[in-house]
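What follows is a short report on a single structure.
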Amino acid sequence: QVQLVESGGGLVQAGGSLRLSCAASGRTINYYAMGWFRQAPGNEREFVATINWRGDTTDYADSVKDRFTISRDNAKNTVYLQMNSLKPEDTAVYYCATRRRAAIATRESEYDYWGQGTQVTVSS
């Protein structure tokens, strides 16, 4: 079993930045791909970013490309999401997830473990 705990969410003005962290426990995630998803009120959960086990392959949703950066520190069993140039439409609960595979993935169904989420609110 893997437990994931997100942190770093909060309230920020449009144009600002936040860095989310996702700490894993229970077992190492060093060989697992990781992902970030988000869910805005009234919307379905959507893919944001994913990173492979070594951290050398990533993919992003078009809506966040060039603004968000996913990274990982396997020594700390932690994955990060650096969010810059935030927009009000980025407001959502952000979830991290991991899958028992090394390669990246963009669909919810491909992930095995999920965190509880952290709220990000961007004011205009």
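Predicted model only: the values in this text are computed from it and were never measured. The figures here come from the full heavy-atom set of this structure, side chains too, leaving out hydrogens, waters and symmetry mates.
Other residues sharing the hydrophobic cluster of Phe37, ordered by chain and number and joined by side-chain separations under 4.5 Å: Phe47, Val93, Tyr95, Tyr111, Trp114.
Residue pairs that meet the salt bridge (Lys or Arg N to Asp or Glu O under 4.0 Å) test with at least one member in residues 112-124, sequence neighbours left out, are Arg100-Asp112. Among residues at least two apart or in separate chains, there is no disulfide bond (SG atoms under 2.5 Å apart) pair with a member in residues 48-81. Judged as a ring pair (Phe, Tyr, Trp, His ring centres under 6.0 Å), the pairs with a partner in residues 2-31 (not counting sequence neighbours) are, in order, Tyr31-Trp53. Evaluation of the salt bridge (Lys or Arg N to Asp or Glu O under 4.0 Å) test over residues 67-86, restricted to residues two or more places apart or in two chains, returns Arg67-Asp90.
When the side-chain hydrogen bond (donor to acceptor under 3.5 Å, both in side chains) test is applied to Gln116, no partner is found at least two apart in sequence or on another chain. Every residue two or more places apart in sequence or in another chain that forms a side-chain hydrogen bond (donor to acceptor under 3.5 Å, both in side chains) with Thr121 is listed here: Gln119. Annotation: side chain to side chain contact (heavy atoms under 4.5 Å, CB included) contacts of Gln82 (sequence neighbours excluded): Ser17, Arg19, Thr69, Asn84. Asn43 meets the side-chain hydrogen bond (donor to acceptor under 3.5 Å, both in side chains) test with no other residue; sequence neighbours excluded. A search for side chain to side chain contact (heavy atoms under 4.5 Å, CB included) contacts involving Ser7 returns Ser21, not counting sequence neighbours. By the salt bridge (charged side-chain N to carboxylate O under 4.0 Å, His left out) test, Glu46 is found to be paired with Arg38, residues two or more places apart in sequence or in another chain being considered. When the salt bridge (charged side-chain N to carboxylate O under 4.0 Å, His left out) test is applied to Arg107, the partners found at least two apart in sequence or on another chain are Glu110.
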